[in-house]
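Here the structure is laid out as structure tokens; the discussion comes afterwards.
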Amino acid sequence: MPARKPLKVATFNINGVRTRLASLLAWLEREKPDVACLQELKAPDEAFPTEAIRDAGYGAIWHGQRSWNGVAILARGMEPLESRRGLPGDSGDTQSRYLEAAAHGLIVGCLYLPNGNPQPGPKFDYKLAWFDRFIEYAQGLIDSEHPVVLAGDYNVVPTDEDIYNPRSWRKDALLQPESRERYADLLAQGWTDSLRQQFGEERVYTFWDYFRQHWERNSGLRIDHLLLNRALAPRLKDAGVDRWVRALPHPSDHAPTWITLGHGKAG
DNA sequence: ATGCCTAACTAAGTTAGA
């Protein structure tokens, strides 16, 4: 049997799907991810650029929101089959931050975890509460016989090795012990942090803020994560960050972050 | 302790991101 090309699954906080449509299309054309999770669409449902994305060869589902938030799942050459819209556990939560679908043989959870700044305060409380709901929900997926990937902007810098210099970020919601403990609790369920797994001790960043020439100086943070359940983890082949997208004109402050997966149990 | 830079909404100034 001829070897099948590995599956490529990516997550990209696009920071405005309309503003960044040209970058998105260039990225899809060049990198051809089989599955792409997008966050921060910053657009209501009716403003999602369905046609351009279809013309690029992708089926898509999305959960938009005016001005902020918004998540989407794109699947190359097929329509994603939606399995969940919104995180369970709080019927009063109206923010568009979780979407889930079956695509290319995977269950794909696309998440945009709350930022939580400023902390302390109600936004930080919301972040932690959302995180707790997510941990509870993830518990039901970790031992699924189906391969599951939870991909998105977690808004957590897991350790001090995941940031250029933690000093000036110490009081930021992304580095708080409460945020980090929850990320560690999630991994302790048995999830594989695929970027860290693949890079070992090597530094890898997925976000560079717009301030103080942080991109030019490679002063980055690793906050976009792809977590694999037990059924999927053995299939991890490679991981990386498409940094060239961050270098485009008028970029998002995040870069697309991806993994490749083998097809069989042995890869 | 705060701004730095950028975007949405809307029309100059606020809110939010991280």
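Numbered from 1 within each chain, the chains take letters A, B, ... in sequence-line order.
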Check your understanding: Who are the side-chain hydrogen bond (donor to acceptor under 3.5 Å, both in side chains) partners of A/Tyr154, not counting sequence neighbours?
Key ->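 For A/Tyr154 there are no side-chain hydrogen bond (donor to acceptor under 3.5 Å, both in side chains) partners, ignoring immediate neighbours.
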Practice item. Looking at every strand, decide which applies to A/Asp209 at a 4.0 Å heavy-atom threshold: base, sugar-phosphate, or nothing. Key: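 Counting heavy atoms under 4.0 Å across all strands, no contact is made by A/Asp209.
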Practice item. May I ask you to say what A/Tyr112 touches in the nucleic acid, namely base, sugar-phosphate or nothing, with a heavy-atom cut-off under 4.0 Å? Key: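 Sugar-phosphate, backbone atoms only, no base.
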We want to know whether [X] and [Y] form a side-chain donor-acceptor pair, criterion being a heavy-atom distance below 3.5 angstrom.
{"X": "A/Tyr112", "Y": "A/Trp68", "answer": "no"}
{"X": "A/Thr257", "Y": "A/Asp224", "answer": "no"}
{"X": "A/His104", "Y": "A/Asp34", "answer": "no"}

Review point. Dot-bracket for DNA chain B, 5' to 3', with Watson-Crick and G-U pairs under 3.5 Å, [ ] for crossing pairs and | for other-strand pairs: what is it?
Key: ....(((((...))))).
Check your understanding: Which residue pairs pass the ring-ring contact (aromatic ring centres under 6.0 Å, His included) test with at least one member in residues 81-103 of chain A, sequence neighbours excluded?
Key ->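 Listed by first then second residue: A/Tyr98-A/Tyr137.
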Check your understanding: Do any pairs count as a ring-ring contact (aromatic ring centres under 6.0 Å, His included) and have a residue in residues 12-57 of chain A, sequence neighbours left out, and if so which ones?
Key ->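 Found A/Phe12-A/Trp27, A/Phe48-A/Trp62.
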Exercise for review: Scan nucleotides 2-9 of chain B nucleotide by nucleotide, 5' to 3', and note B when protein non-hydrogen atoms come under 4.0 Å of the base, S if they reach only the sugar-phosphate, - if neither.
Suggested key: -BBBSSSS
Exercise for review: Would you mind listing every salt bridge (Lys or Arg N to Asp or Glu O under 4.0 Å) that reaches into residues 66-81 of chain A, with sequence neighbours excluded?
Suggested key: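 Only A/Arg54-A/Glu79 qualify under salt bridge (Lys or Arg N to Asp or Glu O under 4.0 Å).
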Practice item. Can you label the angle between the A/Phe131 ring and the A/Phe134 ring as parallel, tilted or perpendicular, going by 30° and 60°? Key: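 Correct class here is tilted.
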